[in-house]
Amino acid sequence: MGHVRNYTMGDVVARYKAAQGFSVLHPMGWDAFGMPAENAAMEQGGHPKDWTYGNIAVMRDQMKPLGLSIDWSREFATCDPEYYGQQQAMFIDMLDAGLVYRKNAVVNWDPVDQTVLANEQVIDGKGWRSGAEVERRELTQWFFRISAYSEELLEALDGLKNWPEKVRLMQRNWIGQSRGLQFAFSTIDAPEGFDRIEVYTTRPDTLLGASFVAVSPDHPLAKQLERHDPEVAGFVDACRKIGTTEEALEKAEKRGFDTGIRVRHPFDNEWELPVYIANFILMDYGTGAIFGCPAHDQRDLDFARKYGLPHPDVFVALDDASPVTDTAFVPPKTERVHYIRGFAGEEVQTGAEAVEAAIAFCESQGVGHGVTQYRLRDWGLSRQRYWGCPIPVVHCETCGVVPEAKANLPIRLPDDVSFDQPGNPLDRHPTWTRCACPKCGAPARRETDTMDTFVDSSWYYARFTSPRAETPTEREETDYWMNVDQYIGGIEHAILHLLYSRFFARAMVQTGHLPESAKEPFDALFTQGMVTHEIYRHNPADPNDERYVSYDVVGDIVRKPGTEAARLVEKFHLPDEVVTFNIGDERVAVLKKLVTDLGYSLDKQSDLEKAWRAAEVSNARLRIIPSAKMSKSKKNVVDPVNIIAAYGADTARWFVLSDSPPEKDVEWTSAGADATYKHLSRVWALSERIAEMEEGAPSEADTDLMRAMHTAIADVTRSIENFAFNKAIAELYAFNNTLSRSMASGAAQKIAMRVFAQLMAPMVPHLAEDIWARQGGEGLVAQAPWPKADPAMLVRDTITLPIQINGKRRSEIEVPADLAKEEVEKRALADDAVVRALDGRAPKKLIVVPGRIVNVVI
RNA sequence: GCGGGUGUGGCGGAAUGGUAGACGCGAGGGUCUCAAACACCCUUUCCGCAAGGAGUGUCGGUUCGACUCCGACCACCCGCACCA
């Protein structure tokens with residue numbers, strides 16, 4: 001249903017723009033690589049390819065009846081070799097251009113299944129299938145050098161005028177530009193090769209408030225110490241169990257390990273600071289080492305208090321010089337503060353000024369240098385999985401890592417793979433991995449990593465402009481069509497997908513696959529809300545929650561849990577499989593099958609209550625998890641086919657557009673489709689009635705109807721322009737009400753009905769087409785030019801002016817629209833309610849906003 | 001934890017700083033009908049018989065006037081780099 005909503009919105013825009021005379025490219029493709037296909041293969045057997053193309057066929061069949069104005073001749077799936085082969089060609093070009101490289105990076109490693117896990121496959125630090133404690137493991141992986149574009153991606157955000165401000169802000173924060181000082185502490189008693197520790201700080205002005213130095217558990221120093229000191233090894237090991245996500249690190253309890261190593265303060269040789277290994281320091285950011293200034297950073301303060309370290313104040317508020325105790329003093333950098341341990345700049349200055357002064361001072365003293373850092377990390381694209389685009393390189397013993405010859409592309413995924421054992425089937429494939437080195441011809445081994453699916457979705461828009469080309473793109477076509485004028489996607493893509501696409505477009509420009517003008521691929525962005533639904537979870541593995549235990553469900557079979565099933569941590573059920581009802585005040589959910597197996601009806605509350613009394617039903621109760629984004633993995637998805645089959649495409653389209661604003665989430669409930677269907681039936685009945693009317697004689701009612709019609713044109717047009725489809729529909733309802741009650745002549749009503757059909761055509765194209773034909777419209781409504789509102793018809797002669805007394809609406813007066821302000825004041829003061837409230841006194845103030853409102857202040 | 005957002009009747013929601021609740025759903029009442037369905041008409045934020053009063057998550061502020069702007073808080077949602 002999420003897709004139905006998304007595509008219907010896009011279709012409204014496509015049809016509306018086409019009616020305005022634009023040539024519209026409205027394509028369809030399938031982002032088809034990824035884990036779900038492999039999971040299905042593992043769970044149900046079969047091949048990811050068959051599962052994927054099968055699902056595409058089903059979805060295409062679901063979408064076709066919706067009447068979307070899609071150019072199906074351009075359709076493709078990202079798992080088509082014709083698509084991913086071109087992606088491989090671009091990868092090679094980007095490798096040549098220095099935009100791709102290899103380095104070590106950590107992954108989640110499941111020691112039992114001997115496989116790499118995605119973050120979502122790690123639940124509470126354990127592998128989702130094996131239940132084994134997940135380890136962090138370093139692998140050599142492929143990276144896109146997105147960080148080379150950090151500054152460019154940041155600065156270009158300002159030009160994206162038609163993007164939501166919140167998305168630009170999120171990307172800005174994600175790229176995370178910061179200005180700071182990088183310098184080295186000299187060490188005491190450190191292992192060889194570590195006589196200096198480089199740190200990066202955004203607050204060099206707090207250098208005299210330093211109380212410790214901390215390095216990441218992945219810092220070379222930590223790794224060196226780990227080798228010889230079992231205590232360090234123990235601590236570092238524990239840190240590595242936390243997980244790889246930033247969220248996990250940030251939420252974990254802040255812990256440190258005193259290495260015994262000391263460093264000298266750069267300004268004072270006698271001043272020594274302890275060096276800790278701390279679990280909250282990221283190796284990927286800055287230098288992987290920091291100095292802590294507890295007085296002005298809450299995290300540092302918590303750490304200092306925990307380990308009994310001092311927390312000297314560096315600056316205090318202008319009006320409050322009390323020292324820091326439990327709460328760090330962290331004012332905005334723009335606030336002026338009083339420096340009591342300053343060393344550069346004025347005694348009273350803003351944080352930002354102090355930072356610049358500190359950098360200048362440190363540079364003059366030869367202590368480090370000012371640097372601009374970015375939080376944005378390079379894009380790791382390696383996946384140790386089968387169902388993705390193979391990375392087109394080979395490993396040759398003599399030549400090293402060599403890109404494939406373009407003539408050998410596409411490097412196709414082998415079909416003869418099995419998923420009966422964990423791990424990457426490519427890795428253990430007997431023949432596929434064998435190949436010849438493209439450089440020296442000697443036997444070599446094919447790269448078995450595949451690409452992150454974000455790569456697939458980072459350039460498909462460009463491919464749509466020439467989907468069958470022998471090169472990734474064709475210049476003539478990209479010149480004509482690019483950029484994407486309107487991109488519609490969920491807010492969940494605000495950062496990763498949209499940032500990667502922006503990078504990829506630039507990389508394509510750099511490698512000659514897109515014109516310079518297309519480096520920002522999406523001119524306008526609309527973030528539509530998600531379609532949500534509650535989630536039904538069976539939880540046989542939770543021994544503490546007996547309400548949900550007792551029965552295990554595998555496919556259609558319901559049975560007592562066995563040892564085999566106990567390995568399944570969670571199992572979700574489709575809303576279609578589940579019935580919910582009330583027992584007392586509590587809402588419960590069980591599988592429909594359990595109820596019907598007992599011979600009870602799903603529609604009768606009394607039957608459901610009877611079924612509930614049976615232990616095998618109430619014991620197999622499902623947990624209801626509050627609404628969340630519809631997702632296959634949580635199975636909280638609704639099949640649109642049923643709606644279309646019962647009511648037709650127009651009802652489905654109208655329904656997903658009405659009520660909820662497009663940018664907001666909408667909770668899917670099946671109630672309401674019926675009401676939509678009734679409404680559309682009434683519209684058709686109205687059209688029939690009008691079609692049979694005599695032309696009649698013009699009357700004053702004709703003018704009223706024409707006014708209403710032009711108002712409707714103006715309102716609906718504006719609403720569609722603003723993506724306010726729910727408002728456009730509300731305005732269509734209002735016009736429907738006016739028209740159905742109008743006493744205007746048949747001739748006028750026929751004109752109004754034809755315009756009505758045009759206005760509703762983007763939303764309900766099929767009904768609109770029928771009405772258009774019935775009312776004698778020429779050709780297809782889909783090809784009729786969009787109606788224009790006559791401004792003269794929108795002007796009102798008299799207006800109703802609300803009268804407020806002390807800001808509260810108390811009365812209203814009817815006045816000519818162009819009445820002079822003085823006259824409005826006079827009439828307002830003569831109004832009964834005003835006279836009563838004034839009670840003979842003069843008003844303190846009288847505000848008249850012409851055409852808007854009158855406010856009498858008493 | 002950090003970054004971003006949202007919060008309005010029974011429900012979905014509407015409102016360039018200017019009549020809070022458009023439009024729809026649901027509910028109630030009525031007309032039509034032997035009856036029902038359909039259709040049509042009326043009512044429907046809360047308190048109050050009414051006059052009137054209160055009201056947009058909570059508390060405070062700016063303003064003649066605040067759902068809208070500012071500050072603090074609460075709740076929920078999205079993202080956090082291997083879900084896509």
Side-chain angles (χ1 to χ4, degrees), chain A residues 31 33-36 39 105 107-108 116-122 141 146 164-167 169-174 176 244-252 254 280 284 298-299 375-385 452-454 456-457 490-497 499-500 527 529-530 532 626-629 631-634 658-661 663-667 669 671-672 674-676 678-679 681-682 685 724 726-727 729-734 736-737 740-741 800-804 806-812 843-847 849 851-858:
Chain A
D31 188 14
F33 274 136
M35 292 203 312
N39 292 340
V107 293
N108 301 305
V116 178
L117 298 178
N119 285 333
E120 75 158 9
Q121 295 174 320
V122 180
Q141 312 222 57
I146 187 173
E165 183 52 42
K166 63 179 170 187
V167 174
L169 186 56
M170 284 160 85
Q171 291 211 354
R172 197 166 288 135
N173 291 338
W174 185 261
T244 55
T245 71
E246 195 175 318
E247 183 187 4
L249 282 178
E250 290 284 335
K251 277 186 180 163
K254 309 293 179 282
F280 57 90
D284 290 313
Q298 190 59 44
R299 200 163 54 179
R375 204 184 74 101
L376 181 65
R377 309 202 293 258
D378 277 334
W379 171 8
L381 70 115
S382 283
R383 296 292 181 272
Q384 294 72 40
R385 275 184 252 287
D452 177 10
T453 56
F454 273 129
D456 312 331
S457 58
I491 186 69
E492 70 272 23
H493 294 301
I495 294 173
L496 290 180
H497 166 59
L499 193 58
Y500 288 158
T527 53
M530 293 172 298
T532 63
S627 261
K629 173 188 160 191
S631 90
K632 288 231 175 71
S633 62
K634 300 223 169 13
S658 63
D659 292 348
S660 279
E663 70 277 11
K664 252 173 116 168
D665 291 353
V666 57
E667 163 86 24
T669 59
D674 207 46
T676 299
K678 279 187 199 168
H679 168 73
S681 305
R682 282 196 295 268
N726 59 321
K727 275 170 71 185
I729 283 186
E731 284 145 8
L732 288 173
Y733 269 114
N736 176 66
N737 291 343
S740 62
R741 281 168 211 164
T800 306
L801 220 46
I803 298 179
Q804 294 183 331
N806 291 338
K808 283 272 175 193
R809 185 197 161 277
R810 289 291 180 255
S811 183
E812 60 185 33
K844 271 195 199 141
K845 211 166 182 181
L846 187 59
I847 291 132
V849 183
R852 273 287 180 194
I853 205 163
V854 180
N855 190 10
V856 186
V857 184
I858 294 172

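Keep in mind that the numbers below use all heavy atoms, side chains included, and drop hydrogens, waters and symmetry copies. Labels below follow one simple rule: chain letters A, B, ... track the order of the sequence lines, proteins then strands, and each chain is numbered from 1.
- Taking every side-chain heavy atom of A:V107 into account, B:C82 is the closest of B:G24, B:U19, B:C82.
- Within the nucleic acid shown, A:G176 has no heavy atom closer than 4.0 Å to any nucleic acid atom.
- With rounding to the nearest 0.5 angstrom, the CZ atom of A:R383 is 7.0 Å from the OG1 atom of A:T453.
- Among the heavy atoms of the strands lying under 4.0 Å from A:L169 are primed sugar atoms or P, OP1, OP2 only; no base atom is included.
- Side-chain contact between A:E492 and A:H497 is absent, with no heavy atoms from C-beta onward closer than 4.5 Å.
- Electrostatic pairing of A:R375 and A:E246 counts as a salt bridge here, judged by a charged N lying under 4.0 Å from a carboxylate O.
- Side-chain contact between A:I847 and A:V854 is absent, with no heavy atoms from C-beta onward closer than 4.5 Å.
- Heavy-atom distances to RNA chain B give each of A:R809 and A:L381 a nearest nucleotide, and the one nearer the 5′ end belongs to A:R809.
- The distance between atom NZ of A:K664 and atom C1' of B:C78, rounded to the nearest whole Å, is 15 Å.
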Q: Please step through side chain to side chain contact (heavy atoms under 4.5 Å, CB included) for the pair A:R810 and A:V856, ending with a clear verdict.
A: CA-CA 10 Å; A:R810 289 291 180 255; A:V856 186; over 6 Å; no
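- Nearest nucleotide to the side chain of A:R682, out of B:A84, B:A39, B:G24: B:A39.
- Listed candidates were B:G4, B:A14, B:A84. Nearest to the side chain of A:N173 is B:G4.
- One finds the CZ atom of A:R385 at 11.0 Å from the OG atom of A:S382 (value rounded to the nearest 0.5 Å).
- Candidate nucleotides B:C82, B:U19, B:A14 were compared by shortest atom distance to the side chain of A:N726, and B:A14 ranks first.
- Taking only side-chain nitrogens and oxygens, A:R172 never comes nearer than 4.0 Å to OP1 or OP2 of B:G3.
- The separation between A:R375 atom CZ and B:G79 atom C1' is 10 Å, rounded to whole Å.
- A:I853 CD1 to A:E812 CD: the interatomic distance, rounded to the nearest 0.5 Å, is 11.0 Å.
- Nucleotides B:C67 and B:A15 have their P atoms positioned 15 Å apart, rounded to a whole Å.
- When distances run from any side-chain atom of A:N119 to the nucleotides B:C41, B:C82, B:C23, the shortest one goes to B:C82.
- Here the separation of B:G5 from B:G18, taken at their P atoms, is 22 Å to the nearest Å.
- Nucleotide B:G9 is shown with a syn base, its glycosidic torsion being within 90° of 0.
- Side-chain proximity of A:K251 to B:G1, B:U19, B:G4: nearest is B:G1.
- A donor-acceptor contact under 3.5 angstrom links the side-chain atoms of A:E247 to the base of B:C80.
- In this structure, A:I491 atom CD1 and B:G79 atom P are separated by 10 Å, rounded to whole Å.
- Atom CZ in A:R852 sits roughly 13 Å away from atom P in B:A15 (whole-Å rounding).
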Q: Apply the test side chain to side chain contact (heavy atoms under 4.5 Å, CB included) to residues A:F280 and A:E250: give CA-CA distance (whole Å), side-chain angles for both, the deciding distance (0.1 Å), then the verdict.
A: CA-CA 7 Å; A:F280 57 90; A:E250 290 284 335; 5.8 Å; no
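- Taken to the nearest 0.5 Å, the CG atom of A:L376 stands 5.0 Å off from the CD1 atom of A:I146.
- At whole-Å resolution of the value, NE2 in A:H679 and P in B:C40 are 11 Å apart.
- Comparing B:A35 with B:G52, their C1' atoms are spaced 46 Å from each other, to the whole Å.
- As judged by a 4.0 angstrom heavy-atom cut-off over every strand, A:W174 is placed among the base-contacting residues.
- The closest donor-acceptor contact from the side chain of A:Q171 to the backbone of A:A494 lies under 3.5 Å.
- Here A:V856 lies out of heavy-atom contact (under 4.0 Å) with every strand.
- Closest approach to the A:K166 side chain among B:C78, B:U19, B:G5 is made by B:G5 (side chain taken as heavy atoms from C-beta onward).
- Between A:F454 and A:Y500, the ring planes are perpendicular. Angles over 60° get that label, and only those under 30° would be called parallel.
- Annotation: B:C34 and B:C42 have their C1' atoms spaced 26 Å apart (nearest Å).
- An OP1 or OP2 oxygen of B:G53 is reached within less than 4.0 angstrom by a side-chain nitrogen or oxygen of A:R810.
- Within 4.0 Å of A:L376, counting heavy atoms only, lies at least one base atom of the nucleic acid.
- Rounded to whole Å, atom C1' of B:G3 lies 14 Å from atom CD of A:E165.
- Remark: C1' of B:G26 and NZ of A:K678 are 11 Å apart, rounded to the nearest angstrom.
- As rounded to whole Å, 18 Å separates atom P of B:C82 from atom CZ of A:F33.
- Distance from the side chain of A:A730 is smallest to B:C23 among B:C23, B:A84, B:C80.
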Q.
How would you summarise protein contacts on nucleotides 59-71 of chain B per nucleotide, using B for base, S for sugar-phosphate only and - for none, with heavy-atom distances below 4.0 Å?
A. -----BS------
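- At the phosphate of B:A84, OP1 or OP2 sits under 4.0 Å from a side-chain N or O atom of A:T453.
- Across all strands shown, A:Q384 has heavy atoms under 4.0 Å from base atoms, whether or not it also approaches the sugar-phosphate.
- Residue contacts shown for A:Q141 include a base, since a base heavy atom lies under 4.0 Å away.
- An OP1 or OP2 oxygen of B:G13 is reached within less than 4.0 angstrom by no side-chain nitrogen or oxygen of A:K727.
- Spacing between B:C64 and B:C73 at atom P, rounded to whole Å, works out to 28 Å.
- The gap from the P atom of B:G26 to that of B:G12 amounts to 15 Å, rounded to the nearest Å.
- Residue contacts shown for A:S457 are absent, as no nucleic acid heavy atom lies under 4.0 Å away.
- Note on A:H493: a base of the nucleic acid sits closer than 4.0 angstrom, heavy atoms only.
- Nucleic acid contact for A:F280: none, since no nucleic acid atom lies under 4.0 Å from a heavy atom of the residue.
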Q. Tell me, what's RNA chain B's dot-bracket, Watson-Crick or G-U with both distances under 3.5 Å, | for other-strand, [ ] crossing?
A. (((((((..(((.....[....)))((((((.......))))))(((....)))..(((((..]....))))))))))))....
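- Between A:R383 and B:C82, a side-chain N or O to OP1/OP2 separation shorter than 4.0 Å is present.
- In the set B:A84, B:C25, B:C82, B:C25 carries the atom at the smallest distance from any side-chain atom of A:A675.
- Taking CE from A:M170 and CG from A:L499, the interatomic distance works out to 11.5 Å, rounded to the nearest 0.5 Å.
- Using modelled atom types, one side-chain atom of A:K254 and one backbone atom of A:A252 make a donor-acceptor pair closer than 3.5 Å.
- Checked against B:A84, B:U19, B:C80, the side chain of A:E812 finds its nearest nucleotide in B:U19.
- The CG atom of A:N119 sits 9.5 Å away from the CD atom of A:E247 when rounded to the nearest 0.5 Å.
- For A:R299 and B:G1, the shortest distance from a side-chain N or O to OP1 or OP2 is not below 4.0 Å.
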